[in-house]
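Just so you know, these numbers use all the heavy atoms, side chains as well, and skip hydrogens, waters and symmetry mates.
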Amino acid sequence: MDRKIRVLVAKPGLDGHDRGAKVIAASLRDAGMEVIYTGLHQTPERIAEAAIQEDADIVAVSILSGAHMTLLPRILRLLREKGAGDMHVIVGGVIPADDAEALRRQGVGEVFGPGTPTAAIADYIRGWVERSHAGS
Amino acid sequence: MSREQRTREHPAAPGAASDHLARAEERWETTRQEHSRDRDGEIFTTISGREVDHLYTPRDTAAGDYLEDLGFPGEYPFTRGVRYNMYRGRLWTMRQFAGFGNARDTNGRFHFLLDRGQTGLSVAFDFPTLLGYDSDHARSEGEVGRCGVAVDSLADMEVLFDGIPLDKVSTSMTINGPAAVIFAFYLAVAEKQGVPFSALRGTIQNDILKEYIAQKMWCFPPRPSMKVITDILAFSTTEVPQWNTISISGYHIREAGSTAAQELAFTLANGFAYVEAGIAAGLDVDAFAPRLSFFFNSHLDFFEEIAKFRAARRIWARTMRGKYGAKKKESWLLRFHTQTAGCSLTAQQPENNIVRTAFQALAGVLGGTQSLHTNSMDETLALPTEKAVQIALRTQQVIAHETGVANTMDPLGGSYFVEAMTDRIEREAEDYFRRIGEKGGVIPALEEGFFQREIADASYRYQLEIEDRRRVIVGVNEYVVEEDPIEILKIEPKVETNQIGSLQALRARRDGRLVEKRLGELAAACTSGANVMPPILEATRAYATLGEIVGTMKKVFGEYVEPAMF
């Protein structure tokens, strides 16, 4: 691969719980990826814009507020509308099992719950990037 | 810390007896090393990453002076507790944090908890409320009633406390950015119930500094926020004298990933910053300091937590008396609420969380807490079900009535290990006070991201320990099983539409011109520097909404954007 994998770590909505997002950002950085962190309280619009501006491969959304069924479909739709439907959106946080299933159906790549080892997330991202490059 | 360092810092009193002991200990240490080795691959540090020795002896505590460092419960420096009779006089307040959906839903949960023997209320607000947005604000979409109860105006507050006599029940409200407004809503409910302000007991969290450091729920930038807080201090001292005006909170600092010593140090540093702000605003320290209270986390490392609580009392007492010249005993007392560590709960095998919470609650009690919230087993997944909350409350009742630990005061006082740990954590906190001082105080330090970085680094270190399996978390990186999901509480989307409907109905039926007038008076007070509490209370009585009041203040005070870092 000729460039580092670029990951936008995003905190949408009003949620202030940023421990997970920061740990993930640091661990993906240490796994050799280029990580951009949006900071807190971002709107879906700002996240989609930042993802495009930063030319992210992966948009890693952290959400523990329960507003995932409102915010995530909107991020997915905005990315599609802006011609970035190929960006891969993954989610971490407190997401009940049936909501996770619904989000996958809508195009979220994977949902990572509490206790997921950060290495598993890095492996997932590498695997996805390899597959998507092999396919293109 | 190694044995050698500790011995240097705590030289044993000279004398034949101590020489004898030193020689005996040395002999035992050599023998121990000959006879056994530590388990491979695991670390023997505290959860905060601090070394723990194999054994503690009188040599570890020999430098201390009993009366000066420990004293008696109810007496300076309060290391052993703030009351003369501790739990034999009165048990801690059992206070479960609760709030979800709309005010009617949460009022139902409050009655459920009071019926089951809870002795105080604690309100959890939803994110829009915590940030000062009305439920129909664009940014509130999808968030209304999700993580707490939605409160838009006095009308919601009236429903929230329906059937709850505010002169009998004490209420704690986790509210910071818009604390002045929610406090005004509560005061206005008391008026409607015919309860005088002077009879009200309870707490508003109102600790904005830790919001910038950890919880991240703010409305205004730090400096105007501090001004509003001193307004609340001044107002309450005369008008609501039994109210705890700030609950200086380490809880969220710890949840964000700090160590025990960071939690202690940053929290007390924030406390000192409020004291200094009050004094700078011309208030007498003994007029407001007695109404400051604290809120700590009780995490998994049992003895480190107990040491932290004991050290907290001693540092606060010494600093309030020595540095700030407080003369009243009540100003020296560090009274605190405890919540067990939400971040220690696991989504895997959630029933195990009942056990974790019980140990953490026990540490809070052995540490001398004044009130306690025990987390429910399902809180990594959702807001708790009634069944889960009842088990959590029962955990406290079992500790109180069945274990016997509440029969005597500070039962771990004098433990070589606990006393050595108390001293150590106190020194660590003092080191942080020095570093914060070098940065010019708490506000400059948080503006440059000092606390945020310290916490992020500590939390990442801890995560790596778990991932490398040097630290075992039962059910997560060891003893893993396949399992079925448990029953969780769901918040229906109709909560949001209903809440918006009642908010808009309120706007239609109230006297809109009076609201405008009251908001204009509030804006004038914000600009002139007058105390904002009286005009907020007037706007509340006219049913101005939270978003309108906070919006008015933001126009004068501005908004805050934190530097994004990891």
Side-chain angles (χ1 to χ4, degrees), chain A residues 8-31 35-46 50 62-74 93-101 112-122, chain B residues 100 126-131 133 138-147 211 214-218 252 255-258 342-343 345-348 379-383 452-453 455-457 459-460 462-464 466-467 469 473 475-477 480 485 488 490-491 493 496 561-566:
Chain A
L8 182 83
V9 174
K11 282 294 297 179
L14 306 183
D15 187 12
H17 298 93
D18 58 2
R19 176 176 182 169
K22 288 180 170 185
V23 164
I24 296 301
S27 71
L28 297 180
R29 175 199 61 206
D30 289 356
V35 179
I36 306 103
Y37 173 47
T38 62
L40 286 169
H41 304 162
Q42 302 296 312
T43 60
E45 286 74 13
R46 269 189 292 193
S62 165
I63 183 158
L64 292 84
S65 70
H68 46 271
M69 294 311 285
T70 304
L71 296 167
L72 280 163
R74 194 164 299 168
V94 179
I95 316 280
D98 19 341
D99 289 352
E101 192 43 47
F112 297 100
T116 307
T118 58
I121 298 170
Chain B
F100 62 96
D126 68 1
F127 280 130
T129 307
L130 293 174
L131 286 162
Y133 295 119
R139 300 236 44 195
S140 304
E141 193 183 345
E143 315 257 14
V144 176
R146 293 266 166 197
C147 276
E211 294 298 320
Q215 186 164 240
K216 316 293 173 89
M217 293 286 134
W218 49 67
H252 321 85
E255 288 290 298
S258 82
C343 63
L345 304 185
T346 66
Q348 294 75 17
E379 291 193 62
T380 54
L381 304 166
L383 298 187
Q452 298 91 317
R453 191 170 298 284
I455 294 168
D457 289 349
S459 112
Y460 192 43
Y462 177 67
Q463 182 70 24
L464 294 179
I466 294 170
E467 304 215 348
R469 298 176 69 175
I473 307 293
V476 174
N477 63 1
V480 178
I488 59 169
K490 287 235 160 183
I491 307 296
E496 185 160 320
V561 180
E562 79 158 355
M565 62 173 81
F566 64 87

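- Across B:G142 and A:A67, no two heavy atoms sit closer than the pair O-CB, 3.2 Å.
- For the residue pair B:C147 and A:L64, the shortest heavy atom distance occurs at SG-O, 4.1 Å.
- In terms of heavy atoms, A:D15 sits closest to B:M217 at C-CE, 3.9 Å.
- Interface remark: A:A97 contributes no atoms to any contact with chain B (heavy atom separation under 4.5 Å).
- Between chain B and the options A:R74, A:H17, A:M69, heavy-atom pairs under 4.5 Å are most frequent for A:R74.
- Listed by first and then second residue, the side-chain hydrogen bond (donor to acceptor under 3.5 Å, both in side chains) pairs that reach into residues 35-45 of chain A come to none, sequence neighbours excluded.
- In this structure, the side chains of A:L40 and B:W218 come closer than 4.5 Å at one or more pairs of heavy atoms.
- Counting all heavy atoms, side chain and backbone alike, A:T116 lies closest to B:Q463 at O-NE2, 4.4 Å.
- Contact of the A:V9 side chain with the B:F566 side chain is not registered, since no non-hydrogen atoms from C-beta on lie closer than 4.5 Å.
- Counting heavy atoms from C-beta outward, A:P96 and B:L381 have side chains that stay 4.5 Å or more apart.
- For the pair A:D30 and B:Y460, the minimum side-chain heavy-atom distance is below 4.5 Å.
- For chain A, the option among B:A214, B:G475, B:A347, B:G257 with the highest count of heavy-atom pairs below 4.5 Å is B:G257.
- Taking the side chain as every heavy atom from C-beta outward, A:K22 and B:Q452 approach each other to under 4.5 Å.
- Scanning for side-chain contact (heavy atoms from CB on, under 4.5 Å) contacts around B:E255 gives B:Y251, B:N297, B:A341, B:C343, with sequence neighbours left out.
- For the residue pair B:S140 and A:L14, the shortest heavy atom distance occurs at CA-CD1, 4.4 Å.
- Interface remark: of the candidates B:E143, B:E141, B:R146, B:E143 forms the most heavy-atom pairs closer than 4.5 Å to chain A.
- For a residue to count as touching a neighbouring chain, one of its non-hydrogen atoms must lie under 4.5 Å from one of that chain's; by this rule B:L131 touches chain A with the side chain only.
- Of the residues considered (B:P493, B:S459, B:P485), B:S459 shows the highest number of contacts with chain A, using heavy-atom pairs under 4.5 Å.
- Between B:K490 and A:D98, at least one side-chain nitrogen of the basic residue sits less than 4.0 Å from a carboxylate oxygen of the acidic one, meeting the salt-bridge criterion.
- For B:Q348 (side chain) and A:G115 (main-chain N/O), no donor-acceptor pair under 3.5 Å exists by modelled atom type.
- Only the backbone of B:Q215 comes within contact range of chain A, judged by heavy atoms closer than 4.5 Å.
- Interface residue B:P128: backbone and side-chain heavy atoms are both found under 4.5 Å from chain A.
- For the residue pair A:T118/B:E467, the side-chain donor-acceptor check at 3.5 Å is satisfied.
- Heavy-atom distances place the side chain of B:E562, and not its backbone, under 4.5 Å from chain A.
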